[in-house]
**Student:** 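Pasting a structure here, questions to come.
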Amino acid sequence: HGYDISLTGMRFELDEELPAGTEVTIDLFPPAERDPIRMRGTVVRVFARDADTGPRRMAVQFTGFGSPRDLERRERRIDARACCWPA
């Protein structure tokens, strides 16, 4: 599961912890879209095990994208989400 997606990174959960510094590839499937947004990143934070029960929460910083189109699609999704929050 991925959440809190921003221009620079996101939080995610896996059953098993990945060490900080691990390089990852992420395929993000936005709602109502068929093709994933492909991203690369580095795990920069692993949340404390004693503060978490269940899946391991981690944070990744984006380092690249599968294509310029993937970068644009991610930015468009974030812009659309930001436009509609109450002031």
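Heavy atoms only: backbone and side chains are in, while hydrogens, waters and symmetry mates are out.
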**Student:** Quick check against the 3.5 Å criterion: does Arg40 have a side-chain atom that pairs as donor or acceptor with the backbone of Val24?
**Tutor:** no
**Student:** So, for Gly2 and Met10, which heavy atoms are closest and what is the spacing to 0.1 Å?
**Tutor:**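 Reported closest heavy-atom pair: CA-CE, 3.4 Å.
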**Student:** Taking Arg76 first and then Asp79, would you say they form a salt bridge - that is, a charged N and a carboxylate O separated by under 4.0 Å?
**Tutor:**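 No salt bridge links Arg76 with Asp79.
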**Student:** Are any non-hydrogen side-chain atoms of Asp15 and Arg56 less than 4.5 angstrom apart?
**Tutor:** no
**Student:** Hey, could you give me the CZ/CG distance between Arg38 and Leu28, rounded to the nearest 0.5 Å?
**Tutor:** 11.0 Å
**Student:** Hey, what do you get for OG1 (Thr63) to CD (Glu23), rounding to the nearest 0.5 Å?
**Tutor:**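 Here the interatomic distance stands at 5.5 Å.
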**Student:** Kindly say whether Ala48 contributes a backbone atom to a donor-acceptor pair with the side chain of Arg57 at under 3.5 angstrom?
**Tutor:** no
**Student:** Are Arg11 and Phe47 close enough, and set up right, to give a side chain to side chain contact (heavy atoms under 4.5 Å, CB included), and what steps lead you there?
**Tutor:** CA-CA 10 Å; Arg11 290 195 302 168; Phe47 290 80; 3.6 Å; yes
**Student:** Between Asp35 and Arg73, what is the shortest heavy-atom contact and its length?
**Tutor:**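 That closest heavy-atom pairing would be O-NH2, 2.6 Å.
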**Student:** Can you hop from Phe29 to Phe12 via hydrophobic side chains spaced under 4.5 Å?
**Tutor:** no
**Student:** How about Asp70 and Met39: do any of their side-chain heavy atoms sit closer than 4.5 Å?
**Tutor:** no
**Student:** Side chains of Thr42 and Gln61: any donor to acceptor distance under 3.5 Å?
**Tutor:**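 Side-chain D/A pair, Gln61 to Thr42: absent.
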**Student:** Grab the two heavy atoms, one from Pro30 and one from Ile37, that are nearest each other, plus how far apart they are.
**Tutor:**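 That closest heavy-atom pairing would be CG-CD1, 3.6 Å.
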**Student:** Would you check if Pro55 and Glu17 make a side-chain contact, meaning some heavy-atom pair closer than 4.5 Å?
**Tutor:** no
**Student:** What's the verdict on side chain to side chain contact (heavy atoms under 4.5 Å, CB included) for Val60 and Val44, showing C-alpha distance, side-chain angles and the deciding distance?
**Tutor:** CA-CA 5 Å; Val60 64; Val44 293; 5.9 Å; no
**Student:** For Leu7 and Arg74, which heavy atoms make the closest approach, and how far apart are they?
**Tutor:**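 Between these two residues, the closest heavy atoms are O-NH1, 2.7 Å.
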